[in-house]
Novice: 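Take this structure, written in structure tokens, and hold onto it; I'll ask about it next.
Note that the structure is predicted; figures quoted are calculated from it, not measured. Throughout, a chain's letter reflects where its sequence line sits, starting with A, and its residues are numbered from 1.
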Amino acid sequence: MNLTKNYTKILYPKEPYNFDSTIYHPPHYPSKLEIYETGKYWFALKLRRKIYGIKMEDRGTIENPRIKLTIFSKFVLSKEILKKIIEEIKFRFEFDRDLSEFSKKFSKDAILSNLIIKYRGMHGSCSNELYGLLMIGILLQNTVVKRTVQMTNLMLEHYGTKVNFDNKEIYAFWNPEDLIKISEEELKNLKVGYRAKLFLRLSNTFVKEKIDELELRKLPPKKIKKEILKLYGVGPETARILLHEAFHFYGIFEHVSPWQQKILSKLIFNKKLVPTKKIINYVNRKYGKWAVLAVKYIWEDIFWQREQGKKIAWLEKEIRL
DNA sequence: CATCAGGGCCCTG
DNA sequence: CAGGGCCCTGAT
């Protein structure tokens, strides 16, 4: 799919806004879904079954954020569509979210004070729609990162859409209504194992029950969590991923998986293994409605350090690639 | 060579 | 609520 028409607009996120640490996530596994360079980001935006090429460029500073957005499409876009795309970008990258309270409130916190300076203006962000992120959640389950990467790429090459714009080549996720036409056997040939069944069952649910991400966003977080936990194959960890990344909720911190437990025990308590209940209670008591963001700052930092070449022996042991 | 757990979840007892 | 099974892979 070649996207040749393009539209540009300058956007002004609420300050403080840190482009690079918001957009790019060192803890995430690499995929063909996005391309990042310092100050630049490309991805394929899916919105109501349509695909648009998105390029974002940092043209400002943390205190005076300014982002150049270029939207690529196959056909001429109406003003209304452009407006909807921009609204969606603002939501997914938290352009309008005010973090000044967070920055102020924890400026003397033993763990966060340095990180709030180092990553000042880092927001949550997610380039995927709910369905795509759900697919990623399934691809992460019960395996090592290397295999997740392999399964993701194979699935995208077979059923995703290859999108070309701005001299970049990126993949977009398949639509649920297209995937359900594929047989479980064929999916299994891509070595996704028992996930084949999950992909099909979830896609069926999305088609049949017409799960509407925009409608879900209007519900209170507890209710959303309850709804997404009903999805077959979605348990506490996948629900956490969706709630934090697709729905941008900072207030619900109720689950820590075993490998996260090891890393957070070390980073927050400097201990080998603290019970997850203790971690959860501590974080909630200390950071309240900012709990998820607080953990995000801690989490992203250690992976940024790793990305920049710092060797952290105990961490390498926990990140099984 | 065989065995096993991995960036979970469902189902059963 | 504990524990077995799930697909496949690479580490041991």
Novice: Has A:Thr238 got a side-chain N or O lying under 4.0 Å from the OP1 or OP2 atom of B:dC9?
Specialist: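 True: A:Thr238 side-chain N/O within range (under 4.0 Å) of B:dC9 OP1/OP2.
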
Novice: Considering only atom P, compute the distance from B:dG7 to C:dC1 and round it to an integer number of Å.
Specialist: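 My reading of the P atoms in B:dG7 and C:dC1 gives 27 Å.
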
Novice: Looking across every strand, which nucleic acid part, if any, lies under 4.0 Å from A:Leu231 by heavy atom: base, sugar-phosphate, or nothing?
Specialist: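 Counting heavy atoms under 4.0 Å across all strands, the contact made by A:Leu231 is with sugar-phosphate only.
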
Novice: What is the separation between atom CZ on A:Arg147 and atom C1' on B:dG7, rounded to the nearest whole Å?
Specialist: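 These atoms are roughly 13 Å apart.
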
Novice: Between B:dG8, C:dC8, B:dC11, spot the one nearest the side chain of A:Lys191, thanks.
Specialist: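 The answer is C:dC8.
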
Novice: Does one side chain, of A:Tyr24 or A:Ser125, offer a donor that lies under 3.5 Å from an acceptor on the other?
Specialist: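 No, no side-chain donor-acceptor pair sits under 3.5 Å.
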
Novice: Would you write the dot-bracket representation of DNA chain C, where each base gets (, ), [, ], | or . depending on whether it forms a Watson-Crick or G-U pair under 3.5 Å and with which partner?
Specialist: ||||||.|||||

Novice: Would you mind reading off the distance between A:Gln261 atom CD and B:dG7 atom P, rounded to a whole angstrom?
Specialist: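 It is 14 Å, rounded to the nearest whole Å.
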
Novice: For A:Lys191, I'd like to know if atom NZ has over 12 heavy atoms of other residues, nucleotides or ligands within 6.0 Å.
Specialist: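 It does not: A:Lys191 NZ has 12 such atoms or fewer within range.
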
Novice: What is the distance, rounded to the nearest whole Å, between atom OH of A:Tyr194 and atom P of C:dG4?
Specialist: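 It works out to 17 Å between those atoms.
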
Novice: Between A:Lys222 and A:Glu254, does any side-chain N to carboxylate O distance fall below 4.0 Å?
Specialist: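 A salt bridge is present here (some side-chain N lies under 4.0 Å from a carboxylate O).
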
Novice: With DNA chain B as reference, determine whether A:Lys262 or A:His255 sits nearer its 5' end, using the nearest nucleotide of each.
Specialist: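 Closer to the 5' end of DNA chain B: A:Lys262.
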
Novice: Among B:dG7, C:dG10, B:dG8, which nucleotide sits nearest the side chain of A:Lys146?
Specialist: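 Among B:dG7, C:dG10, B:dG8, the one nearest the side chain of A:Lys146 is C:dG10.
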
Novice: Mind checking A:Gly235 for me? I need base, sugar-phosphate or nothing, with any heavy atom below 4.0 Å counting as a touch.
Specialist: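 The answer is sugar-phosphate, as A:Gly235 gets under 4.0 Å only of primed atoms, P, OP1 or OP2.
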
Novice: Over 60° means perpendicular and under 30° means parallel, so classify the ring planes of A:His123 and A:Tyr17, tilted if in between.
Specialist: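 Tilted: the ring planes of A:Tyr17 and A:His123 meet at 30° to 60°.
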
Novice: With DNA chain B as reference, determine whether A:Tyr232 or A:Phe303 sits nearer its 5' end, using the nearest nucleotide of each.
Specialist: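 That would be A:Phe303.
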
Novice: Below 30° counts as parallel, above 60° as perpendicular, anything between as tilted: where do the rings of A:Phe93 and A:Tyr41 land?
Specialist: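 The rings of A:Phe93 and A:Tyr41 stand perpendicular, inter-plane angle above 60°.
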
Novice: Could you check A:Arg97, A:Arg92, A:Lys90 and say which one makes a salt bridge (Lys or Arg N to Asp or Glu O under 4.0 Å) with A:Glu94?
Specialist: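 Single pass found, and it is A:Arg97.
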
Novice: With the side chain of A:Pro236 defined as its heavy atoms from C-beta on, choose the nearest nucleotide among B:dC9, B:dC10, B:dG6.
Specialist: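 That would be B:dC9.
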
Novice: With rounding to whole Å, what would you report as the distance between C:dC7 and B:dC11 at their P atoms?
Specialist: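 Taking atom P in both C:dC7 and B:dC11, they lie 13 Å apart.
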
Novice: Do the ring planes of A:Trp174 and A:Tyr159 sit parallel (below 30°), tilted (30 to 60°) or perpendicular (above 60°)?
Specialist: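 Because their plane-to-plane angle is over 60°, the rings of A:Trp174 and A:Tyr159 count as perpendicular.
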
